[in-house]
There are 2 protein chains.
Amino acid sequence: MITYPILLEKFKALLKSNSLKFTKQRELILKFLYENEGHFTPEDIYMLIKKEYPDVNIGITTVYRTLTLLENEGIASSISFGVQGKKYELGLKKHHDHLICTSCGKIIEFYDDTIERQQEKIAEKYNFKMTDHTMKIIGLCEKCRNQK
Amino acid sequence: MITYPILLEKFKALLKSNSLKFTKQRELILKFLYENEGHFTPEDIYMLIKKEYPDVNIGITTVYRTLTLLENEGIASSISFGVQGKKYELGLKKHHDHLICTSCGKIIEFYDDTIERQQEKIAEKYNFKMTDHTMKIIGLCEKCRNQK
DNA sequence: ATTCTTGCAAATCCTTTGCAGGTCA
DNA sequence: TGACCTGCAAAGGATTTGCAAGAAT
């Protein structure tokens with residue numbers, strides 16, 4: 001796995017090459033994603049950063065803007081929950097899909113080669129230039145299904 | 001394929017069994033989905049019904065409510081576009097997934113047995129009780145990729 | 001010094017809710 | 001009649017935008 005200093009350098013280089021500036025806020029958001037395993041809403045990230053760094057001024061607008069930036073640069077990735085918004089995670093890992101529990105909200109990641117290959121075949125079949133793909137399996141996780 | 005009169009009867013039966021009432025508005029929305037191939041936003045459906053039946057009073061609220069109802073009853077299905085909302089279609093066909101062109105918005109449907117089976121296997125592997133699943137392949141359709 | 005960023009408040013977009021009047025069974 | 005529905009306007013939640021002040025290069 002990439003270390004934080006290296007990730008940070010990568011981020012700074014990306015900023016520079018786009019004539020963007022390196023700011024405290026951008027760094028904290030990157031750091032947050034690096035240090036926290038899991039999937040977070042912009043609101044989550046905003047609140048948790050405010051709590052951990054009460055002296056840093058940060059607005060939710062900046063969180064949104066930075067997450068968009070990170071996602072466009074391939075450093076973060078998101079899963080969409082429709083009107084309920086998106087959740088973000090560090091996006092450096094290998095591509096993966098998600099199992100989502102409708103009862104407790106738990107998100108499990110998985111990667112499946114068969115599915116990945118099949119998607120490519122389908123795109124090819126329709127002469128589609130695939131730039132992205134997502135798959136969600138919705139249902140009840142082990143714990144929740146047993147509680148019913 | 002099911003005929004409209006039969007679909008209508010099915011819908012009426014569903015309404016009755018849920019102590020819901022059969023109304024002009026509900027019928028028009030059902031009819032719209034039956035008659036129009038493709039994927040539509042609630043707004044689309046609302047506008048097109050208003051245009052075709054200027055004398056019928058219908059509000060967008062009712063369109064939302066009815067689409068939700070139809071989806072819950074398995075008569076309609078939707079694809080989510082995140083904050084951009086959902087698009088609905090008649091949901092009587094076999095389950096299928098979508099290819100979505102980011103340039104022209106075109107939506108192509110496909111069904112793939114390998115993927116379907118693989119999804120079941122994955123759910124099983126994680127002891128997940130799958131209630132739904134979606135897959136989207138995002139990219140450029142044949143026409144748009146050639147225009148670049 | 002210039003350019004880019006920020007936070008705030010206001011605006012937007014899609015969707016839902018409260019409610020009083022209207023319709024269906 | 002009574003239960004359910006409707007459209008409207010207002011509310012809601014997530015996200016974006018305009019802007020003047022502030023930070024980075």
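Basis for what follows: all heavy atoms, side chains included, without hydrogens, waters or symmetry-related copies. Naming convention: chains lettered A, B, ... in sequence-line order (proteins, then strands); numbering from 1 in each chain.
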Expressed in angstrom and rounded to an integer, what is the separation of [X] atom [atom1] from [N] atom [atom2]?
X	N	atom1	atom2	value
B/Ile60	D/dC5	CD1	C1'	17 Å
A/Glu27	D/dA23	CD	P	17 Å
B/Phe81	C/dT15	CZ	P	12 Å
A/Leu69	C/dC4	CG	P	14 Å
B/Tyr64	D/dT6	OH	P	16 Å
A/Lys12	D/dT25	NZ	P	9 Å
A/Arg26	D/dT25	CZ	C1'	13 Å
A/Phe11	D/dA24	CZ	P	14 Å

By the 4.0 Å heavy-atom rule, please label B/Glu43 as base, sugar-phosphate, or nothing. nothing
Tell me what A/Ser19 touches on the nucleic acid: a base, only sugar-phosphate, or nothing, going by heavy atoms under 4.0 Å. sugar-phosphate
Test side-chain contact (heavy atoms from CB on, under 4.5 Å) applied to [X] - qualifying residues, sequence neighbours left out:
X	answer
A/Glu124	none
B/Lys121	B/Gln118
B/Asn36	B/Phe32, B/Phe40
B/Lys87	B/His39, B/Thr41, B/Phe81, B/Ile107

Output one letter per nucleotide in nucleotides 20-25 of chain C: B when a protein non-hydrogen atom lies under 4.0 Å from the base, S when only the sugar-phosphate is that close, - when neither is. ----BS
Counting N and O atoms only, with roles assigned by atom type, does the side chain of B/Lys50 sit under 3.5 Å from a partner on the main chain of B/Gly59, one being a donor and the other an acceptor? no
By nearest-nucleotide position on DNA chain C, the 5'-leaning member of B/Arg65 and B/Thr41 is B/Thr41
Salt bridge (charged side-chain N to carboxylate O under 4.0 Å, His left out) against A/Glu27, all qualifying residues, sequence neighbours excluded: none
Flag yes if A/Leu140 and A/Ile100 sit in one hydrophobic cluster, no otherwise; membership is Ile, Leu, Val, Met, Phe, Trp, Tyr, and two members link when side-chain heavy atoms are under 4.5 Å apart. no
